[in-house]
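Notes follow once the structure below has been shown.
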Amino acid sequence: MGDVVSYRTSSCVPLAAHGGQAHNSSMRSLVGVLVGAALLFVVYHFYLKRMPVTDEGTAPTQAISLTGVRSDLLHIAQAERAYIATNGHCASLDELISSNSLSMARTERDGYSYTLECSGGEFSAAARHLPAPAGSPIRYPNLAIDATMNVHEIE
């Protein structure tokens, strides 16, 4: 009963060799993460560079603004067509808003101001923006719509 049993285990692998394997594994993981991050950066960078634009020479960030301007022009044209059908003549932009034919609170959006020209049953609504500063790579296209309900760029 007085025997002592040792639970000591011995390893044939030296400690230095065991630590080296852990070090190599950590380095591989770190390199893998860095390569993955670099790959994601490259994809992200090229995706942003190739974002679609709505008009030639405009910045991708202008797409939202220009979409809103086009939508406003369509609403103005629809309201004008409905007003002409009901009243037999066209109305000014302020008249459309005050008569609740057009639900717009303002006659501008993101630097664009709207105008409406009409005579009899014909009309043309335009959205104009001040020109970009000299030397700027961005341009602000002026847009218009008429009774054909097609939005197009104007000078």
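Applying the ring pair (Phe, Tyr, Trp, His ring centres under 6.0 Å) criterion to Y83, with sequence neighbours excluded, gives H89. Here E153 pairs with D55, R139, P141, L143 under the side chain to side chain contact (heavy atoms under 4.5 Å, CB included) rule; sequence neighbours left out. For S92, the side chain to side chain donor-acceptor pair (under 3.5 Å) test picks out E95, with sequence neighbours left out. Partners of S29 under the side chain to side chain contact (heavy atoms under 4.5 Å, CB included) rule, at least two apart in sequence or in another chain, do not exist in this structure.
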>> Working note: L66 + R70, criterion side-chain contact (heavy atoms from CB on, under 4.5 Å); need CA distance, chi angles, decisive distance, verdict.
In response: CA-CA 6 Å; L66 288 170; R70 282 186 169 83; 3.8 Å; yes
Inset, instruction - Any chance you could lay out the side-chain contact (heavy atoms from CB on, under 4.5 Å) test for V69 and D110, step after step, and finish with the verdict? - result: CA-CA 9 Å; V69 168; D110 299 332; 5.8 Å; no
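The number of heavy-atom neighbours closer than 6.0 Å to CD of E122, taken from other residues, nucleotides and ligands shown, is 12 or below.
Here the closest heavy-atom approach between residue A132 and residue I138 is recorded as CB-O, 3.0 Å. Across all their heavy atoms, C90 and S119 have their closest contact at SG-N, 3.5 Å. The shortest non-hydrogen separation linking A91 to L116 is O-CD2, 3.3 Å.
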Listed pairs under 3.5 Å, donor-acceptor, residues 101-109 side chains, sequence neighbours left out:
unit_1, atom_1, unit_2, atom_2, d
S101, OG, S99, OG, 2.9
R109, NE, D72, OD2, 2.8
R109, NH2, D72, OD1, 3.1
R109, NH2, D72, OD2, 3.3

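Taken from CG in N142 to CD in E155, the straight-line distance is 8.5 Å, to the nearest 0.5 Å. Taken to the nearest 0.5 Å, the CG atom of L39 stands 12.5 Å off from the CG atom of L34. If you take OG on S25 and CG on L30, they are separated by 11.0 Å, rounding to the nearest 0.5 Å. Remark: L93 CG to I76 CD1 distance equals 5.0 Å, nearest 0.5 Å.
With H152 as the partner, the side chain to side chain contact (heavy atoms under 4.5 Å, CB included) test is satisfied by one option alone out of I145, D146, L73: D146.
Of the possible donor and acceptor atoms, none in the side chain of S71 sits under 3.5 Å from a partner among the backbone N and O of T67.
Residue pairs meeting the ring pair (Phe, Tyr, Trp, His ring centres under 6.0 Å) criterion with at least one member in residues 98-126, sequence neighbours excluded, are Y112-H129.
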